[in-house]
Chemist: 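Following this message is one structure expressed as structure tokens.
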Amino acid sequence: MLALADCNSFYASCERVFDPRLRDRPVVVLSNNDGCVVTRSSEAKALGIAVGVPFFQIRDLAKRHGIVVRSSNYTLYGDLSARVMAVLGRFTPYLEVYSIDEAFMDLGGMPADRLVDYGRTIRRTVLRWTGIPVSIGIGPTKTLAKVANHLAKNAPALPGQSPATPGRRLAAEGVWSLADSREQTAVLSRLDVQDIWGIGSRLAARLKRAGITTALQLREASPSHVRRLVGVVGQRTALELGGLPCIGMEEAPPPAKSIVRSRSFGRPVERREELEEAVATHATRAAEKLRLHRRVAGMLSVFVATSRFREKPYANLATVPLDPPTDDTSRLIHAALAALRPIFREGFKYQKAGVMLTGLEPREGLTESLFVQYGRDRSERLMAVLDGVNRHLGPDTLRYAAAGFARPWHMRREHASPHYTTRWDELPNVRAS
DNA sequence: TCTGGGGTCCTAGGACCC
DNA sequence: TCTGGGGTCCTAGGACCC
């Protein structure tokens, strides 16, 4: 049996941990640049606010209903996520951290009648120790655990309804088990294919055109039909719905295959120099992440784009090889500026730029070049000093001038909460009265 | 005025190898 | 008249996830 633990409205819940005034109030958290709603509390959901909606479209609504608005604070969310995962890890020998707010847990051969109780204990402990509410779905495969989690989250407490199944009775407490195969069938017959993990809008539309509208119909369809319709990925999903595990647990995250760093600008950028600064900044951040993973990159791409909501659109991407592969910030900045040159065009209002590193390989065991003298030892020592200084004295204490200083294009973050748990001068104050 | 960021996997076709 | 078989690697596009 597997459990999927998923934090409820994770970013909004993080904001509430250190600001209790936000409890029971509608809260929305915005994407970078304060662009779109990425998370909303159940109270905000009840007001009809959808995830993904541009903030400017709901600004008036937010004001009218006293909705609390926050810019995203990924430093805080990342830190609280690590705490939640640490607590979950105490309840299972195998924890797979699937995303910032979700983890799969191996429950081994635990008897079916103990699963829900165990889930409630996990839930209670995480809430007590971290302040974050989680929902727990239990099933024999990842896909069924996802379905169960969906029920644990979405099934409201149904007052007056007789507790036909143990699952329904406990839904209000945030735990749902789909260990029982009869209940699986009943639940899948009511589940829209669109709501299955792994079936997005395109595949759902394709399935519905073929007359498959419920999860049960997908589970029961002939394997060759499913294979033709939605490929091997969809077929795995169908088998998982039938209780056959096709997606294994991954205990250690596989090494990264690519690293992307990009941002929308706080205001349109037109000048070449500003775009160069932004691209150099992204190259710097990507290089830091690369070294954190102890990898080197074999290729670097730069992309730029104007807003897709304005006329006169332009977007382009250029890739340059890095020979030999490297993790050196100055070489990556050079490569990024070289890649930008052919794709920069005068007369456009750029809205976004980014750097992508691919062809990643482990830093150890890198084949030395026969022909190029590039001072690897020197570069390694320099990067070690750079990272060491910035770790101890703060990000960007040492930096390349190419990345700029004023950074007028920087993203907007007008509703940011403090770094409660990662900066000494922003620790929360507690007063007894 | 204002519309996010960072990933993975699969597939088909082309180029190339022995 | 007749022209093999078995493979890998790379890329672009499409799909998905949170």
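Numbers restart at 1 for each chain; the letters A, B, ... are given by sequence-line order, proteins then strands.
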Chemist: Quote, to the nearest angstrom, the C1' distance that separates dG4(C) from dC17(B).
Modeler: 15 Å
Chemist: Under 30°, 30 to 60°, or over 60°: which ring-plane class applies to Trp197(A) and Phe104(A), parallel, tilted or perpendicular?
Modeler: tilted
Chemist: Looking across every strand, which nucleic acid part, if any, lies under 4.0 Å from Asn32(A) by heavy atom: base, sugar-phosphate, or nothing?
Modeler: sugar-phosphate
Chemist: Is the shortest heavy-atom distance from the side chain of Asp19(A) to the side chain of Ser417(A) under 4.5 Å?
Modeler: no
Chemist: Reckon Asp101(A) touches a base, only the sugar-phosphate, or nothing at all at heavy-atom distances under 4.0 Å?
Modeler: sugar-phosphate
Chemist: Taking atom types as modelled and ignoring hydrogens, do the side chains of Asp79(A) and Thr422(A) form a donor-acceptor contact shorter than 3.5 angstrom?
Modeler: no
Chemist: Closest-nucleotide mapping onto DNA chain B: is Glu250(A) or Phe309(A) further toward the 5' terminus? I mean the 5' end.
Modeler: Phe309(A)
Chemist: Mind running side chain to side chain donor-acceptor pair (under 3.5 Å) on Ser135(A) and Asn8(A) for me, showing each step along the way?
Modeler: CA-CA 7 Å; Ser135(A) 296; Asn8(A) 300 351; 2.8 Å; yes
Chemist: Going by the side-chain contact (heavy atoms from CB on, under 4.5 Å) test, name the single residue among Glu273(A), Arg272(A), Arg267(A), Arg271(A) that passes it with Val269(A).
Modeler: Arg267(A)
Chemist: Is a salt bridge present between Glu102(A) and Lys146(A), judged by a nitrogen-to-oxygen distance below 4.0 Å?
Modeler: yes
Chemist: Would a distance-only check, ignoring hydrogens and angles, find a side-chain to backbone donor-acceptor pair under 3.5 Å from Arg412(A) to Gly266(A)?
Modeler: yes
Chemist: When we call it a touch if two heavy atoms are under 4.0 Å apart, what does Ile100(A) touch: a base, just sugar-phosphate, or nothing?
Modeler: nothing
Chemist: In residues 258-287 of chain A, which ones come under 4.0 Å of DNA chain B, going by heavy atoms?
Modeler: Ser258(A), Ile259(A), Val260(A), Arg261(A), Ser262(A), Arg263(A), Ser264(A)
Chemist: Could you tell me whether Lys208(A) and Asp192(A) have a side-chain N and a carboxylate O separated by less than 4.0 Å?
Modeler: yes
Chemist: Verify, without hydrogens or angle tests, whether Arg295(A) (side chain) and Ala256(A) (backbone) share a donor-acceptor contact under 3.5 angstrom.
Modeler: yes
Chemist: Under 3.5 Å, is there a donor-acceptor pair between the side chain of Ser72(A) and the main chain of Leu30(A)?
Modeler: yes
Chemist: Taking the side chain as C-beta and beyond, is there a heavy-atom pair between Lys352(A) and Phe303(A) under 4.5 Å?
Modeler: yes
Chemist: Between Phe303(A) and Val232(A), who's closer to the 5' end of DNA chain B by nearest nucleotide?
Modeler: Phe303(A)
Chemist: Looking at Gln235(A) and Arg227(A), would you say the former's side chain and the latter's main chain have a donor-acceptor pair under 3.5 Å?
Modeler: no
Chemist: If an axis is fit to five pairs at each end of the helix from dG5(B)-dC18(C) to dC18(B)-dG5(C), what is the angle between the two, to the nearest 10°?
Modeler: 10°
Chemist: Under 3.5 Å, is there a donor-acceptor pair between the Ser264(A) and Asn33(A) side chains?
Modeler: no
Chemist: Excluding sequence neighbours, so at least two apart, what forms side chain to side chain donor-acceptor pair (under 3.5 Å) with Lys142(A)?
Modeler: Glu96(A)
Chemist: Using a 4.0 Å heavy-atom cut-off, does Gly231(A) contact any base of the nucleic acid, only the sugar-phosphate backbone, or nothing at all?
Modeler: nothing
Chemist: Short of 4.0 Å, heavy atom to strand atom, which residues of residues 40-67 of chain A count as contacting DNA chain B?
Modeler: Pro54(A), Phe56(A), Arg59(A)
Chemist: Closer than 3.5 angstrom, by distance alone: can the side chain of Glu240(A) be matched with the main-chain N or O of Thr143(A) as a donor-acceptor pair?
Modeler: yes
Chemist: What is the 5' to 3' range of DNA chain B, first to last nucleotide, that sits under 4.0 Å from any heavy atom of chain A?
Modeler: dC2(B) to dT11(B)
Chemist: Using heavy atoms and a sub-4.0 Å distance, could you list which residues of residues 201-218 of chain A are near DNA chain B? By number, please.
Modeler: none
Chemist: Testing Arg294(A), Arg399(A), Arg291(A) for salt bridge (charged side-chain N to carboxylate O under 4.0 Å, His left out) with Asp387(A), which one passes?
Modeler: Arg291(A)
